[in-house]
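Below: one structure, written as structure tokens.
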Amino acid sequence: MTNTIVALVKEIKSVDNLNIVKYDFNGTALSMMSLELSENVKVGAKVRLTTKPTYIAIAKEFSGDISYSNKLHVKILHVENGELLTSLKIQVNGTTLESIITRDSSDRMNLHVGDNVTALLKANELSIAEVLV
Amino acid sequence: MIKINLKNSIIDINLEIESTSFVALSGKSGSGKTTLLRVLAGLEDSVGELHVESHVWQDSSTCMSVQKREIGFVFQDYALFENMSVLQNLLFVAKDLELAEHLLHVTEMSELKDRLPRTLSGGQKQRVAICRAMMKRPKILLLDEPLSALDSQMRSNLQNEILSLHKEFGTTTIMVSHDPSEIYRLCNRVVLLEDGKIINDGSPKDILLKTKGSQKFSFEGELLEIKKVDVIFIAIIAIGQQLVEIVLSSDEAESLHVGDKVNVSTKAFSPTISKN
């Protein structure tokens with residue numbers, strides 16, 4: 001399984017079958033929107049979260065506010081430029097993730113290996129791949 | 001309450017069913033679904049106990065005959081008496097003209113009551129079979145894939161009629177079905193069989209939503225092709241009669257091979273929907 005993050009469930013807020021789950025990912029707070037949760041997803045559970053590389057947006061020298069619930073301070077490990085798209089390997093809290101953005105954005109933002117940037121992810125685009133304990 | 005604790009060479013079933021509930025029996029062919037219905041009806045031998053409300057239908061000392069069991073049975077292939085009219089098919093079971101006319105009215109078959117079965121369409125024949133099954137005012141209605149030979153519009157009409165008869169007569173209904181939409185619409189419980197045993201039992205939503213983790217939009221498919229485009233990969237996957245395309249990263253693509261059986265899923269928040 002690629003693009004995964006191991007995190008602890010800190011809080012679950014529910015209205016009917018809709019839930020917002022808050023996680024702790026090595027000190028970084030994450031938030032996930034979900035319908036029914038399986039029974040073993042409860043506060044204190046360790047889970048493997050996942051998202052598609054195309055869901056991860058990248059911001060450079062980010063300031064101001066934004067509705068994206070998940071903001072990760074990441075370092076760029078690798079840049080693979082295609083003709084139209086760019087694949088970035090980014091690292092945060094010891095975890096490596098992949099972000100796929102347009103080549104235009106990558107060029108415009110002048111992204112390079114070693115840059116510190118912000119990875120942005122909406123709460124509905126994060127999901128549970130597996131409950132670990 | 002219906003308490004079933006029965007076994008024979010094919011099935012070994014221990015099941016309690018609330019009276020007036022509508023239960024789906026699901027599972028692969030050969031899993032014992034039809035055998036269970038036939039055992040409940042007394043059409044096949046078994047050992048064990050069968051209690052229907054306060055009555056003993058079967059235990060170590062007694063075994064009620066097929067005729068005495070208050071059961072209605074509907075088969076996929078209608079099984080009507082071809083030499084009798086629609087009305088005669090119903091009255092053969094019980095001489096209750098008022099009930100027969102009521103059932104034919106509910107299923108919109110009144111005008112066809114004097115026709116012979118061979119002059120009826122599949123949907124009309126199955127309506128007659130359902131009406132006939134209700135003529136005994138059965139405690140238990142057993143339906144063995146009753147609608148699987150019918151087109152989707154006809155299925156939908158008959159589903160509504162089955163549900164209204166189930167409610168009106170307060171029967172406990174057990175239906176063999178493979179159709180998730182049918183099960184979801186009609187049933188309040190699904191019992192999944194494999195090799196004659198119960199392997200899952202729960203609400204239709206819990207059993208039928210084939211989800212992993214928090215992914216709610218999930219399908220089984222077969223990977224037909226995977227090709228690199230720019231820095232990403234595109235997978236072509238066959239799901240039922242449809243082909244779909246999915247964008248993958250190189251890491252995701254690495255572990256996949258053409259011919260793999262795969263599960264395609266996304267969160268309930270992602271798909272968009274539009275009317276045909």
Side-chain angles (χ1 to χ4, degrees), chain A residues 1-4 9 12 17-21 23 31-41 45 47-56 69 78-90 96-104 106 121-132, chain B residues 180 183-184 188-190 192 200-221 223 226-237 244-257 260-273:
Chain A
M1 180 67 80
T2 59
N3 253 33
T4 63
V9 178
I12 300 174
N17 63 342
L18 177 67
N19 303 281
I20 299 285
V21 184
Y23 299 96
S31 180
M32 179 188 88
M33 207 187 283
S34 177
L35 298 187
E36 292 90 347
L37 297 165
S38 46
E39 282 172 18
N40 49 0
V41 177
V47 298
R48 192 186 301 282
L49 301 172
T50 186
T51 190
K52 292 281 283 186
T54 43
Y55 284 159
I56 302 181
S69 305
H78 182 77
V79 179
E80 186 189 355
N81 283 317
E83 261 183 72
L84 301 178
L85 300 178
T86 294
S87 159
L88 301 168
K89 291 279 162 60
I90 52 181
T96 303
L97 300 172
E98 182 179 2
S99 163
I100 293 174
I101 59 174
T102 59
R103 173 76 191 267
D104 284 347
S106 172
L121 184 60
K122 294 179 72 161
N124 61 297
E125 288 163 354
L126 194 60
S127 57
I128 298 174
E130 191 184 359
V131 180
L132 299 171
Chain B
I183 293 171
Y184 190 82
N188 43 31
R189 182 174 172 190
V190 184
L192 195 59
N200 212 342
D201 183 353
S203 73
K205 203 170 172 186
D206 288 344
I207 306 290
L208 298 173
L209 267 177
K210 285 185 184 166
T211 56
K212 189 175 143 198
S214 51
Q215 307 277 27
K216 302 298 177 200
F217 193 83
S218 177
F219 301 94
E220 309 280 327
L223 183 61
I226 190 159
K227 60 181 178 192
K228 191 169 198 294
V229 177
D230 214 53
V231 298
I232 57 167
F233 287 77
I234 294 175
I236 311 277
I237 293 165
V244 299
E245 282 186 322
I246 291 170
V247 171
L248 303 172
S249 68
S250 55
D251 286 351
E252 286 176 300
E254 209 166 67
S255 59
L256 295 170
H257 302 99
D260 282 353
K261 295 275 181 269
V262 294
N263 188 281
V264 174
S265 61
T266 183
K267 292 188 61 163
F269 298 91
S270 304
T272 54
I273 190 164

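Below, chain A is the first sequence line, B the second, and so on; all start at residue 1.
Counting non-hydrogen atoms of neighbouring residues, nucleotides and ligands closer than 6.0 angstrom, the OH atom of B/Y184 reaches no more than 12 such neighbours.
For A/N124, there are no side-chain hydrogen bond (donor to acceptor under 3.5 Å, both in side chains) partners two or more places apart in sequence or in a different chain. In this view, A/E98 and A/S87, B/S249 satisfy the side-chain hydrogen bond (donor to acceptor under 3.5 Å, both in side chains) rule, not counting sequence neighbours.
For chain B, no part of A/L49 is nearby; none of its heavy atoms comes within less than 4.5 Å. At a 4.5 Å heavy-atom cutoff, the contact between A/L84 and chain B is made by backbone and side-chain atoms alike. Only the side chain of A/K89 has a heavy atom closer than 4.5 Å to any heavy atom of chain B.
Shown here for B/A268 and A/L35, the closest heavy-atom pair between the two residues is CB-CD1, 3.5 Å. In plain terms, the two heavy atoms of B/V231 and A/N81 that are nearest each other are CG1-C, 4.0 Å. For A/A123 against B/K267, the heavy-atom pair with the smallest separation is O-NZ, 3.9 Å. Of all non-hydrogen atoms in A/L85 and B/D230, the two that sit nearest each other are N-OD2, 2.6 Å.
Interatomic distance, A/T50 OG1 to B/E252 CD, rounded to the nearest 0.5 Å: 7.0 Å. To the nearest 0.5 Å, atom CG of residue B/L248 and atom OG1 of residue A/T54 are 9.5 Å apart.
A/K52 contributes no side-chain N or O that, together with a main-chain N or O of B/T266, makes up a donor-acceptor pair within less than 3.5 Å.
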